[in-house]
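Step one of this worksheet: look at the structure below.
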Protein chains: 2
Amino acid sequence: MSQNGVGVDLDKSLGYLLKEASSALRAAMEEVLRPLGMSVTHYSCLELLAQRPGLSNSELARGAFVTRQSMNVLLQALERDGYVTRPAEARVGKVLPAQLTPRGRRSLEKATVAVRSVEVRMLAGMTETEQSGAFRILQSMIHSLRDGDGDDGA
Amino acid sequence: MSQNGVGVDLDKSLGYLLKEASSALRAAMEEVLRPLGMSVTHYSCLELLAQRPGLSNSELARGAFVTRQSMNVLLQALERDGYVTRPAEARVGKVLPAQLTPRGRRSLEKATVAVRSVEVRMLAGMTETEQSGAFRILQSMIHSLRDGDGDDGA
DNA sequence: GAATGTATGTCAGACTTCTGACATGAGTCA
DNA sequence: TGACTCATGTCAGAAGTCTGACATACATTC
């Protein structure tokens, strides 16, 4: 079970640790959202719409880190069940701005409380300084990863 | 596109940022692994086996953050294609220790190089101190999230 | 020794997400 | 105006992952 001395040192890889943390966060969120009959992507979509009303399907997809095809499947279900509304036709271009219905907003309320409790638990034992340090570091990672996106920027 | 002043402040959520970073890492890994015909889970499985030969299906699943059923599907394919071997019968219990074949090891080599380059890119612009800080912070998050796993430990 | 609890490997089916493809609309540029 | 590029919404099929279930094997307890 412990290190075999091979040398690649998975135990010390920040990438692995990042994946581990993200996995733990997702699991914790799933756990508190399940009783509400909501998946993480489902919640993400609603939360995004609450904070930025009028987001399009593609924008929601980017915000929830899935493809626009996946988000479309979800959005159609949410629309069918009355959590979200979209105009039948686009006022400009093809973009259909989505809005939460009162039902969607109501459904989101409990979920937000549950998710926030998870985030609070995650941050437990970290000082303010450490939290802002984590913020900076994660942003640095994101920027570095997206910077050279396969093509060298030479 | 920018903050609407609603108040939940997704932009400042460490949970969201963690998901964003993890998503960027996964995307970067997929990008370099795709030319090698390998998925992230596929690579994770091989890397785990290289570092800890003899891991069982269930242990590999935990290491790659998927269910043992998902890992089983992958393992059977890897076995069929000659990247991995498992004994036909368990020497003790039901555990079947898996091993990389020479072909599996060869296949892993290029992938390891590719993935390491991604990790190096991710860490670019971070000092040693920041990296160890990131390490500690991520571990703290993981521990806190798993600590109270739904039931209060009272 | 028997009963219980826990962990494993595996099969089957359902669900989610993805890749590929197409048509449409806006913006740019000659 | 016309050609070109880019982004969007959407459909269809494929691939990956999950939940549920079952049989089996070990450990603990009585």
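Chain naming here is simple, since letters A, B, ... match the order of the sequence lines and numbering starts at 1 in each. Everything quoted here is computed from the prediction, not taken from an experiment.
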### Query
For B/Leu75 and D/dT17, what is the distance between atoms CG and P respectively, to the nearest whole Å?
12 Å
### Task
Would you mind reading off the distance between A/Asn72 atom CG and D/dT10 atom C1', rounded to a whole angstrom?
6 Å
### Task
Provide, to the nearest angstrom, the distance between the CG atom belonging to A/Asn57 and the P atom belonging to C/dT24.
19 Å
### Message
Below 30° counts as parallel, above 60° as perpendicular, anything between as tilted: where do the rings of B/His42 and B/Tyr83 land?
### Response
perpendicular
### A/Ser56 or B/Arg91, whichever maps to the more 5' nucleotide of DNA chain D
A/Ser56
### Task
Would you check if A/Glu89 and A/Lys94 make a side-chain contact, meaning some heavy-atom pair closer than 4.5 Å?
no
## Note on the structure
The reported gap from OG1 in A/Thr85 to CZ in A/Arg103 (rounded to nearest 0.5 angstrom) is 13.0 Å
### Euclidean distance, B/Arg136 CZ relative to B/Leu138 CG, rounded to 0.5 Å
10.5 Å
### Query
A/Arg26 versus A/Ser23: any side-chain heavy-atom pair under 4.5 Å?
no
### Query
So, for A/Ala64 and A/Ser44, which heavy atoms are closest and what is the spacing to 0.1 Å?
CB-CB, 4.1 Å
### Task
Take the protein atom CD of B/Gln76 and the nucleotide atom P of C/dT10, then report the distance between them rounded to whole Å.
6 Å
### Task
Looking only at side-chain atoms of B/Leu96, point me to the closest of D/dT10, D/dT8, C/dG9.
C/dG9
### Message
Please classify the nucleic acid contact of A/Arg86 as base, sugar-phosphate, or nothing, using heavy-atom distances under 4.0 Å.
### Response
sugar-phosphate
Using atom names, set out every protein N or O paired with an N or O of nucleotides 17-20 of chain C below 3.5 Å, distance rounded to 0.1 Å.
{"from": "C/dT17", "atom 1": "OP1", "to": "A/Thr41", "atom 2": "OG1", "distance (Å)": "2.8"}
{"from": "C/dC18", "atom 1": "OP2", "to": "A/Thr67", "atom 2": "N", "distance (Å)": "2.9"}
{"from": "C/dC18", "atom 1": "OP2", "to": "A/Thr67", "atom 2": "OG1", "distance (Å)": "3.1"}
{"from": "C/dC18", "atom 1": "OP2", "to": "A/Ser70", "atom 2": "OG", "distance (Å)": "2.7"}
{"from": "C/dG20", "atom 1": "O6", "to": "A/Gln69", "atom 2": "NE2", "distance (Å)": "3.0"}

### Message
If I take atom CD in residue A/Glu89 and atom C1' in nucleotide C/dG25, what distance separates them, rounded to the nearest angstrom?
### Response
13 Å
### Task
Specify the separation, in whole Å, of atom CG of B/Leu60 and atom P of C/dG9.
9 Å
## Note on the structure
Here the distance between atom P of C/dG9 and atom NZ of B/Lys94, to the nearest Å, is 8 Å
